[in-house]
Amino acid sequence: MTDFTFDASLTRRESLAARLVNVLTRTDERSILTILRVALAVVIFPHGAQKLLGWFGGYGFAATMGFMTNDIGAPAILAFLVIIAESFGAVALLLGFGSRIVAPVLAATMVVATATVHLQHGFFMNWSGQQAGEGFEFHILAFAIAVALTIGGSGRFSIDGIIGRSVDARR
């Protein structure tokens with residue numbers, strides 16, 4: 001298991017940027033994190049593609065921005081960041097690039113989506129089509145996976161792992 005604490009022996013010459021890169025890219029190499037990372041990316045990407053591109057029955061960028069800013073009341077910058085996080089962020093997760101940045105953003109997105117849209121519809125998804133909207137059970141799972149990736153990193157077979165090992169080798 002990887003130790004995620006700062007190394008007290010770091011020299012003063014090592015820049016703050018190098019330390020930050022090390023913290024953000026160091027990852028636990030267990031395969032379970034890879035499985036969680038890929039699963040979250042595969043599940044989140046279609047939601048982002050709906051919002052950004054109008055794929056999978058979505059409304060596309062302009063309509064999604066309108067819904068989020070006008071109907072939900074989200075600031076435009078936050079609506080934009082949600083669309084970017086769910087589309088480009090999902091691709092980054094799939095590659096294992098920046099998981100410790102993308103995952104907490106997705107976790108926050110799940111909390112806000114639950115509070116603003118899905119909580120009123122109860123726990124269960126609308127499998128039968130009888131509810132007025134979708135419940136929040138999906139959001140709990142996505143949140144939990146995102147938190148695990150924030151803590152453990154991208155896992156095996158990730159760009160973060162490659163970068164982290166490269167930074168470690170230079171020390």
Side-chain angles (χ1 to χ4, degrees), residues 21 24-25 27-28 30-164:
V21 168
L24 292 175
T25 60
T27 185
D28 186 319
R30 290 184 289 178
S31 297
I32 189 64
L33 291 169
T34 305
I35 293 166
L36 291 173
R37 173 175 50 85
V38 170
L40 186 59
V42 167
V43 169
I44 292 294
F45 177 77
H47 293 274
Q50 286 177 318
K51 292 172 179 73
L52 181 67
L53 304 169
W55 294 358
F56 310 109
Y59 298 109
F61 182 79
T64 301
M65 284 293 290
F67 169 74
M68 289 182 165
T69 56
N70 299 329
D71 296 0
I72 296 177
I77 188 67
L78 292 181
F80 176 77
L81 290 174
V82 165
I83 294 168
I84 296 305
E86 289 188 6
S87 53
F88 293 110
V91 173
L93 271 183
L94 186 64
L95 299 172
F97 181 67
S99 294
R100 284 212 167 97
I101 298 167
V102 174
V105 171
L106 290 176
T109 300
M110 294 301 109
V111 170
V112 172
T114 297
T116 59
V117 177
H118 300 284
L119 190 62
Q120 65 184 330
H121 302 295
F123 178 77
F124 293 103
M125 299 297 292
N126 191 13
W127 297 108
S128 65
Q130 303 298 314
Q131 294 172 198
E134 298 290 339
F136 57 89
E137 64 181 314
F138 162 83
H139 302 82
I140 292 171
L141 291 172
F143 174 83
I145 292 170
V147 169
L149 293 172
T150 301
I151 294 167
S154 294
R156 194 172 298 202
F157 309 118
S158 65
I159 293 173
D160 284 347
I162 294 167
I163 294 169

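For reference, positions follow the sequence shown, starting with 1.
Shown here are the side chain to side chain donor-acceptor pair (under 3.5 Å) partners of S99, two or more places apart in sequence or in another chain: S154. For V91, the side-chain contact (heavy atoms from CB on, under 4.5 Å) partners two or more places apart in sequence, or in a different chain, are F45, L95. With sequence neighbours excluded, the residues satisfying side-chain contact (heavy atoms from CB on, under 4.5 Å) with A148 are L36. Among residues two or more places apart in sequence or in another chain, the side-chain contact (heavy atoms from CB on, under 4.5 Å) test is passed with S31 by R156. Under the side-chain contact (heavy atoms from CB on, under 4.5 Å) criterion, I84 pairs with F80, F88, sequence neighbours left out.
Applying the salt bridge (Lys or Arg N to Asp or Glu O under 4.0 Å) rule to pairs touching residues 136-155 yields nothing, sequence neighbours excluded. Within the structure, the salt bridge (Lys or Arg N to Asp or Glu O under 4.0 Å) test picks out no pair touching residues 55-67 (sequence neighbours left out). Sorted pairs that involve residues 41-50 and meet side chain to side chain donor-acceptor pair (under 3.5 Å), not counting sequence neighbours, are lacking altogether. For residues 31-59, every residue pair satisfying the salt bridge (Lys or Arg N to Asp or Glu O under 4.0 Å) rule, not counting sequence neighbours, is listed here: K51-E86. Within the structure, no pair that satisfies the salt bridge (Lys or Arg N to Asp or Glu O under 4.0 Å) test touches residues 101-117, not counting sequence neighbours. Sorted by first then second residue, the side chain to side chain donor-acceptor pair (under 3.5 Å) pairs that include residues 64-82, not counting sequence neighbours, number zero.
Taking each heavy atom of P104 and T150 in turn, the nearest pair found is CD-OG1, 3.2 Å. The minimum heavy-atom distance linking G133 with N126 is given by the pair O-CB, 3.5 Å. For A103 against L149, the heavy-atom pair with the smallest separation is CB-CB, 3.9 Å. Nearest heavy atoms, T34 versus G155: OG1-C, 3.5 Å. Heavy-atom minimum distance, G135 versus M125: O-SD, 3.6 Å. Taking every heavy atom of both residues into account, R100 and G152 meet most closely at NH2-C, 3.3 Å.
Within a 6.0 Å radius of CZ in F97, no more than 12 heavy atoms belonging to other residues, nucleotides or ligands are found. Around CZ of F124, the count of heavy atoms belonging to other residues, nucleotides or ligands within 6.0 Å does not exceed 12.
Distance check, rounded to the nearest 0.5 Å: CD1 of I151 to CG of D28 gives 11.5 Å. With rounding to the nearest 0.5 Å, the separation of CZ in F143 from OG1 in T109 is 11.5 Å. Residue L78 holds its CG atom at 11.5 Å from CD1 of I83, rounded to the nearest 0.5 Å.
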Side-chain donor-acceptor contacts of residues 112-120 below 3.5 Å, not counting sequence neighbours, with atom names and distances?
{"residue": "T114", "atom": "OG1", "partner": "M110", "partner atom": "O", "Å": "2.8"}
{"residue": "T116", "atom": "OG1", "partner": "V112", "partner atom": "O", "Å": "2.7"}
{"residue": "H118", "atom": "ND1", "partner": "E134", "partner atom": "O", "Å": "3.0"}
{"residue": "H118", "atom": "NE2", "partner": "H139", "partner atom": "NE2", "Å": "3.4"}
{"residue": "Q120", "atom": "NE2", "partner": "V117", "partner atom": "O", "Å": "3.2"}

Check your understanding: What do the steps show when you test I44 against L93 for side chain to side chain contact (heavy atoms under 4.5 Å, CB included), and what is the final call?
Key -> CA-CA 10 Å; I44 292 294; L93 271 183; 5.9 Å; no
Practice item. Verify side chain to side chain contact (heavy atoms under 4.5 Å, CB included) between L81 and V105, making sure each step is shown before the conclusion. Key: CA-CA 9 Å; L81 290 174; V105 171; 5.8 Å; no
